[in-house]
There are 2 protein chains.
Amino acid sequence: MPGNIQSIERAATILRLLSGRNRRLGVVDIAGEMGLPKGTVHGLLRTLQSVGFVEQDEDSGKYQLGAALLHMGSSYLDGNELRTRALNWSDSLATRTREAVRIGTLHEEQVLVVHHVFRPDDTLQSLDVGSLLPAHATALGKVLLAHHPYVASALAAERLESYTPATITDAARLERELARVRAQGWAADIGELVPGQVSYAAPIVDRRGMTVGAMGIFGPPERLLAARQPRPDLLAYVREGARAVSRELGAIPW
Amino acid sequence: MPGNIQSIERAATILRLLSGRNRRLGVVDIAGEMGLPKGTVHGLLRTLQSVGFVEQDEDSGKYQLGAALLHMGSSYLDGNELRTRALNWSDSLATRTREAVRIGTLHEEQVLVVHHVFRPDDTLQSLDVGSLLPAHATALGKVLLAHHPYVASALAAERLESYTPATITDAARLERELARVRAQGWAADIGELVPGQVSYAAPIVDRRGMTVGAMGIFGPPERLLAARQPRPDLLAYVREGARAVSRELGAIPW
DNA sequence: AGATGTGTTCGACAATGTCAAACTGAGTTG
DNA sequence: CAACTCAGTTTGACATTGTCGAACACATCT
């Protein structure tokens, strides 16, 4: 592809840096990270600030993400067909299973959470729409990887980070797991990302037959497991829900 | 300020267009709107697509916002000090009042919702974090405008849009209302944005004494009004909550 | 004071992105 | 079914545009 606009790519790199680990960075930090002169970085930041994508902390002079991004993120959600079509079904899944529901899609080899329904009780829960979860350590991610072999192999080529003793870190083992997911039509994660947290998920397919997302539930093993295995009743709810959303998206009604 | 980077400003304009009314636009739509040749717009879009800020619908060829923005929006929230410090207090305000709580800040003459706690019951509610509310027709907005006279006069110079018969559309009347808000330290909106919806709010002040946000509750008049006036008990909770957050932000503990 | 660390400004240079015109392909229309 | 229209896309010459590195201003340490 000939001719991508340099300054926009650089601006995007800056925003990505600012949305990473350290959300406050100075001009020199960014310049160092990108290998650019600080004058150049300053110009980019000044423009990003004038359009509201970046804000400068008055005390420290450091830069952080700006408020305009929040509104754009929520606008993205409004236009996202997957989420819009899934709204009703995810609510009903949460009600039926009495667990929290998440819908995710693949983004840069990770799972981007596009919808989250709280577990229907009064306990405090934090919303993780917009979060990026590791694909190889979540049920949502396994479902998505299973149907995106190219992404899966790209991910497996890197080091699979370990989060708990149960995390799959071996590429070959991941490949076998994904084959099983493909065959059975659902995935489970038993404490592979967070100890004492279990999740299941099933694929959401669009009108072209592409797996465009995954929907699933997560919660503690006491409620989600029976004899160390996923509970068939809950699993059925999850699979039915995902199938319903797929139908809504125009997939062949099967 | 000499030298803002043209292509970044243009890219931001495109994103703003895509986050507006029509979330799917074609190259010619955008080019027409911006008064640029379509080749130029195409180049900008191609770059925005390669960095994930924009996606292209395969069927229609039209462009829409991209998933990267969702993650950046949520990263913005994580780094937002106002929201972080307000988390606990907003929860407790929702519990005490048994109503939904919103925290907002001023963004481009509108109220950007940075936090939202659902009303503590099981009814379905939709999250409006990231939404932009009109400032002159909400309690949050009035509180913010009252302490940002420059923004208030800029807003009043335009036409104040009417949403219900109760919306304040007269600049002079808005100014009087804001003076009262300043004097009494809180604001109310009685069906001025949505018929049958009432909201109150109080200011959140930072360590420099600047009003950086507002926190308030909203709900139906049956619960929020007594004799057509804000209920003193609920109002006191709101004001105490906002004061607590202000203290948390380092405002002089008064 | 001096030294180092910020973020910021400046102006010359040429690399960079812009523009208009030409291209492609889908969908319509006579 | 060819001609037309409208979409998105590609192209290459041109000069506008953004880049760079050095100098600046202002802190905060030593």
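Numbers restart at 1 for each chain; the letters A, B, ... are given by sequence-line order, proteins then strands. Since this is a predicted model, take the numbers as computed values, not measurements.
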Under-4.0 Å side-chain N/O to phosphate OP1/OP2 contact, [X] with [N]:
| X | N | answer |
| --- | --- | --- |
| B:Y63 | D:dT9 | yes |
| A:H42 | C:dG7 | no |
| B:R10 | C:dT18 | yes |
| B:Q6 | C:dT18 | yes |

5'-most by nearest nucleotide on DNA chain C - A:K62 or B:S7: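 In this pair, the answer is A:K62.
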
If you assign each of A:Q56 and A:I8 to its closest nucleotide in DNA chain C, which residue comes earlier from the 5' end?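 Of the two residues, A:Q56 wins.
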
Flag for A:S75-A:D78: side-chain donor and acceptor within less than 3.5 Å: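 Per modelled atom types, A:D78 and A:S75 side chains form no pair under 3.5 Å.
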
Taking the side chain of B:I5 as heavy atoms from C-beta outward, which of D:dG18, C:dG7, C:dA20 is closest to it?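 My answer, after comparing the listed nucleotides, is D:dG18.
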
Please classify the nucleic acid contact of A:T40 as base, sugar-phosphate, or nothing, using heavy-atom distances under 4.0 Å.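 Base, at least one base heavy atom under 4.0 Å.
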
Taking any heavy-atom pair under 4.0 Å as a contact, classify A:G26: base, sugar-phosphate, or nothing.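 If one applies the 4.0 Å heavy-atom cut-off, A:G26 turns out to touch the sugar-phosphate alone, with no base involved.
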
Could you state the atom-to-atom distance from CD of A:E58 to C1' of C:dT8 in whole Å?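 Between C1' of C:dT8 and CD of A:E58: 16 Å.
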
Could you check how far CG of B:L45 sits from P of C:dT18, rounded to whole Å?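 Atom CG in B:L45 sits about 12 Å away from atom P in C:dT18.
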
Which heavy atom of B:A214 sits nearest a heavy atom of B:V143, and at what distance?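 The pair with the smallest heavy-atom distance is CB-CG1, 3.8 Å.
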
Is there a donor and acceptor pair, one atom on the side chain of A:K38 and one on the base of D:dG21, closer than 3.5 Å?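 Counting by modelled atom types and ignoring angles, no donor-acceptor contact under 3.5 Å is found here.
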
Could you give the distance separating D:dT16 and D:dG12 at their C1' atoms, to the nearest angstrom?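 That atom pair is separated by 16 Å.
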
Interatomic distance at C1', C:dA14 relative to D:dA13, whole Å: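 Looking at atom C1' only, C:dA14 and D:dA13 are 16 Å apart.
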
ring-ring contact (aromatic ring centres under 6.0 Å, His included) against B:H136, all qualifying residues, sequence neighbours excluded: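 In terms of ring-ring contact (aromatic ring centres under 6.0 Å, His included), with neighbours along the sequence ignored, B:H136 is linked to B:Y163.
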
